[in-house]
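Just so it is clear: chains get the letters A, B, ... in the order the sequence lines come, proteins before strands, and each one is counted from 1.
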There are 2 protein chains.
Amino acid sequence: MGKKLIEVCEIQCIHEEDVKVAKDNMLNDNTINELTEFFKVFGDATRIKILHALFQTEMCVCDIAAVLEMNQSAISHQLRVLKSARLVKFRREGKVIYYSLDDNHVIDVLQQGLAHVKHR
Amino acid sequence: MGKKLIEVCEIQCIHEEDVKVAKDNMLNDNTINELTEFFKVFGDATRIKILHALFQTEMCVCDIAAVLEMNQSAISHQLRVLKSARLVKFRREGKVIYYSLDDNHVIDVLQQGLAHVKHR
DNA sequence: TATACATATGAATAACTGTTCATATGTATT
DNA sequence: AATACATATGAACAGTTATTCATATGTATA
């Protein structure tokens, strides 16, 4: 009989009512995932730089690469991420593809982030 | 003399003026880093859930673990991230530590993200 | 001061992500 | 058709990150 008790449930301290309310109000999985995917896109320096550059004018891939001083492939990969998050759109003109911001929220979100950063 | 030319610069297509302007207006590295760190915090489902839960009421670690149905350690680790990003604050009451939202921006940012997600 | 409980933390691991390299695709020009 | 250029893409690799497990710390209570 030297055995320890079987662990039934590690959680002991619970404010039942609060937990219940919070659980009931939980965002559904889809919303959570879309939300985190949305923010993830902003959580990378390269992508922020691209968005910020496009905030000023549309640009082709080469231009963006030149601005960020990174190679074309890296930019292209990141543009794909931004594209599938619908944050940028593009138009073709001959060989050149011009990218620009797709969504008005982008600017707001960036600006809000900047405000946050600067207030500290 | 069968050698290829030495690669001088891979970038060929440049709209010089646009690139110059964008380069001049680039955010400085510090701002970029703080900004991406800020957004990175929102780019994780667990942390979003925690923030959303705390949006309703302050809660202790155990409560949060119960709400998210995750173990205490995982929550604790994520609370550390949120704490160092100054998105949550805490107060001690005996053994129990209550966490709550620290920053008004948090709610705004979350709400904006939600608005974005729902408009698609 | 011994025990129980709430929380924190370090190490290990598995999964994910960004960049690079090589190469493919698509478009214009000769 | 052949060439050049702008962009895209797949594979590989390195670095990062979230979770788990085991354990430590801190606080109350018997």
Side-chain angles (χ1 to χ4, degrees), chain A residues 4-5 7-15 18-19 32-33 36-37 39-50 58-85 88-100, chain B residues 4-5 7-15 18-19 32-33 36-37 39-50 58-85 88-100:
Chain A
K4 281 194 174 175
L5 281 175
E7 190 101 16
V8 175
C9 173
E10 65 169 315
I11 293 164
Q12 333 238 7
C13 141
I14 293 194
H15 301 75
D18 288 346
V19 170
I32 290 282
N33 289 336
T36 59
E37 290 312 309
F39 284 122
K40 241 179 237 178
V41 179
F42 293 91
D44 175 78
T46 301
R47 288 191 292 267
I48 290 277
K49 286 180 197 165
I50 294 176
E58 71 170 5
M59 276 196 266
C60 71
V61 180
C62 269
D63 288 348
I64 299 171
V67 172
L68 305 207
E69 292 176 6
M70 291 177 65
N71 72 47
Q72 175 268 322
S73 179
I75 301 299
S76 215
H77 279 297
Q78 295 303 350
L79 282 171
R80 186 159 49 85
V81 176
L82 293 170
K83 219 160 40 184
S84 64
V88 302
K89 59 178 190 278
F90 62 96
R91 68 182 179 86
R92 168 157 238 148
E93 198 168 287
K95 288 184 287 193
V96 181
I97 297 181
Y98 291 94
Y99 281 87
S100 57
Chain B
K4 281 195 175 175
L5 282 175
E7 189 102 15
V8 175
C9 174
E10 65 168 317
I11 295 163
Q12 331 238 9
C13 143
I14 293 192
H15 301 75
D18 288 347
V19 170
I32 290 283
N33 289 335
T36 60
E37 290 312 309
F39 284 121
K40 243 179 238 178
V41 179
F42 291 91
D44 175 80
T46 302
R47 288 191 293 266
I48 290 276
K49 288 179 195 164
I50 295 176
E58 70 170 7
M59 277 196 264
C60 72
V61 180
C62 271
D63 289 348
I64 300 171
V67 172
L68 304 208
E69 293 175 7
M70 291 177 66
N71 72 46
Q72 174 270 321
S73 180
I75 303 298
S76 216
H77 279 296
Q78 294 302 351
L79 283 170
R80 187 158 48 84
V81 175
L82 293 169
K83 218 159 44 184
S84 64
V88 303
K89 60 181 192 275
F90 62 95
R91 69 183 179 84
R92 168 157 238 147
E93 199 171 283
K95 286 184 287 193
V96 182
I97 297 181
Y98 293 94
Y99 280 87
S100 57

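Considering all non-hydrogen atoms of both residues, B:D63 and A:I14 come closest at OD1-CA, 3.3 Å. A:G43 approaches B:K40 most closely through the heavy-atom pair O-CE, 3.1 Å. The minimum heavy-atom distance between A:L79 and A:V88, with the atom names listed, is O-CG2, 4.2 Å. The minimum heavy-atom distance between B:I32 and A:A45, with the atom names listed, is CG2-CB, 3.7 Å.
At whole-Å resolution of the value, CG in A:L79 and C1' in D:dT7 are 10 Å apart. D:dA8 atom C1' lies 15 Å from atom CG of A:L82, rounded to whole Å. In this structure, B:L68 places its CG atom 10 Å from P of D:dT19, rounding to the nearest Å. In this structure, the CG atom of A:N71 is 18 Å from the P atom of D:dC5, given to the nearest Å. One atom, CD of A:E58, and another, C1' of D:dT7, lie 16 Å apart when rounded to the nearest Å. Separating the CD1 atom of B:I75 from the C1' atom of D:dC21 is a distance of 16 Å, rounded to the nearest angstrom. Rounded to whole Å, the distance from CZ on B:R80 to C1' on C:dG10 is 9 Å.
Contact annotation: A:Y99 side-chain N/O to D:dA6 OP1/OP2 distance is not under 4.0 Å. Listed pair B:Y98 / C:dT7 fails the phosphate criterion, with no side-chain N or O lying under 4.0 Å from OP1 or OP2.
Taking the side chain as every heavy atom from C-beta outward, B:R91 and B:I97 never approach each other to under 4.5 Å. Contact annotation: the side chain of B:K83 approaches that of B:Y99 to within less than 4.5 Å [non-hydrogen atoms, C-beta and beyond]. Looking at heavy atoms from C-beta onward, A:H15 lies in side-chain contact with B:Y98 at the 4.5 angstrom threshold.
Within 6.0 Å of atom CZ in A:F90, 12 or fewer heavy atoms from other residues, nucleotides or ligands are found, so the atom counts as exposed in its surroundings.
Not a single donor-acceptor pair under 3.5 Å links the side chain of B:R80 to the backbone N or O of B:L82.
Ring stacking is absent between B:H77 and D:dT19, as the pair misses the limits of under 5.5 Å between centres and under 30 degrees between planes.
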Along nucleotides 22-30 of chain D, 5' to 3', which nucleotides get a B, which get an S, and which get a -, given that the test is a protein heavy-atom distance under 4.0 Å? B---BBS--
Distances under 3.5 Å between protein N/O atoms and the N/O atoms of nucleotides 13-18 of chain D, please, pair by pair.
| residue | atom | partner | partner atom | Å |
| --- | --- | --- | --- | --- |
| D:dA18 | OP1 | B:R47 | NH1 | 2.8 |
| D:dA18 | OP1 | B:R47 | NH2 | 2.7 |

